[in-house]
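Notes follow once the structure below has been shown.
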Amino acid sequence: MVDHRRGRGGAGKTVPAQPRQPSVLDTARLPDHLFVSEGSYRRLDYSDLDLSAGAAWSVEVESVEVESVEVEQCRFGGTDLSTVTLDRSRVTDCVFERANLANLRATGSSLTRVRLATSRMTGFTWADGRVRDVTFDECRLDLSNWRYTGFSAAAFTNCNLTRADFSHSDLTGARFVNCDLTGAQFSHAKMAGTRFAGCVLAGIGGLTSWDGAVLSGHDLIALSYELASALGIRIEE
């Protein structure tokens, strides 16, 4: 089950590398820099722009669905990307701050050297993909979906991850610090070396997948009732 010894599963890189951002970015302009399939977008500042299914598009649409998009060394400050679908796409060396990524969906896509801070990401989906050298800081990630995704040097700090779904994901390179994981699902996840510190772990699912996870002493105590329930142990007062 859960191994709280520091020696087990502790090897390997866990601190994410920072995005490689240029000192100067060009200003993105709409509609020229709206995402389209097989489009490539580099060194652009999308701050305060709406790339969702909103006023930026010449026709009214309910969602924006594109594939094979490459986004590199861009900044998204206060940008609206809600309801966008980015299948088989790559996002590299980018920064998202105060962005709206609620219900953004991506399948078979990668995040590499990306920082996301104070962003709204309720219902965010990054399934069957890769997350490498990525930091999530103070993001609202409730109801997010990470099924079948592999994490390498990924850090979640002060995030709301209630009812997030990590089923079948490879979390061996992930750490969670001061996160609310109430009701999160970890069924069939790989978690040897996954680290938790100061997290809320009430009602989580898939505890039988936690073999090799590393917890602080405080977190292990908080998790004891969930562990007992998973093992069929009844606790009497």
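The shown structure was predicted, so the numbers you read here are calculated from the model rather than taken from an experiment. No hydrogens, no waters, no symmetry mates; every other heavy atom, side chains included, goes into these values.
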Quick check against the 3.5 Å criterion: does [X] have a side-chain atom that pairs as donor or acceptor with the backbone of [Y]?
{"X": "Thr149", "Y": "Gly129", "result": "yes"}
{"X": "Tyr46", "Y": "Thr27", "result": "no"}
{"X": "Thr172", "Y": "Gly193", "result": "no"}
{"X": "Asp170", "Y": "Gly150", "result": "no"}
{"X": "Asp45", "Y": "Leu25", "result": "no"}
{"X": "Asp87", "Y": "Ser89", "result": "no"}
{"X": "Ser119", "Y": "Ala117", "result": "yes"}

Could you tell me which non-hydrogen atom of [X] sits nearest to which non-hydrogen atom of [Y], and how far apart they are?
{"X": "Phe151", "Y": "Ala174", "value": "CB-CB, 4.1 Å"}
{"X": "Ser209", "Y": "Ser187", "value": "OG-C, 3.7 Å"}
{"X": "Val131", "Y": "Trp146", "value": "CG2-CZ3, 4.2 Å"}

Close side-chain approach of [X] to [Y], heavy-atom, < 4.5 Å:
{"X": "Phe166", "Y": "Leu161", "answer": "yes"}
{"X": "Met121", "Y": "Leu116", "answer": "yes"}
{"X": "Leu181", "Y": "Phe196", "answer": "yes"}

Quiz item: Should Glu72 and Arg43 count as an ion pair when the cut-off is N to O under 4.0 Å?
Solution: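 Looking at Arg43 together with Glu72, the answer is no, because their closest N to O distance does not fall below 4.0 Å.
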Exercise. Show your working on side-chain contact (heavy atoms from CB on, under 4.5 Å) between Thr194 and Phe176 and close with a plain yes or no.
Key: CA-CA 8 Å; Thr194 308; Phe176 300 84; 3.9 Å; yes
Quiz item: Are Phe124 and Val66 in one and the same hydrophobic cluster, where Ile, Leu, Val, Met, Phe, Trp and Tyr link if side-chain heavy atoms are under 4.5 Å apart?
Solution: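 Yes; Val66 is reachable from Phe124 via cluster members.
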Quiz item: Mind checking whether Trp126 and Val95 sit in one hydrophobic cluster, side chains of I, L, V, M, F, W, Y counted as touching below 4.5 Å?
Solution: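 No; Val95 is not reachable from Trp126 via cluster members.
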Quiz prompt | Name of the residue among Arg113, Arg42, Arg20, Gln21 meeting side-chain hydrogen bond (donor to acceptor under 3.5 Å, both in side chains) with Asp93 | solution =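 It is Arg113; the other options fail the test.
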Practice problem: Just do the side-chain contact (heavy atoms from CB on, under 4.5 Å) check on Leu81 and Phe96 with the steps written out, would you? | Solution: CA-CA 10 Å; Leu81 285 155; Phe96 296 79; 3.7 Å; yes
Quiz item: What distance do Asn103 atom CG and Thr125 atom OG1 have between them, rounded to the nearest 0.5 Å?
Solution: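 So the gap between those two atoms works out to 7.5 Å.
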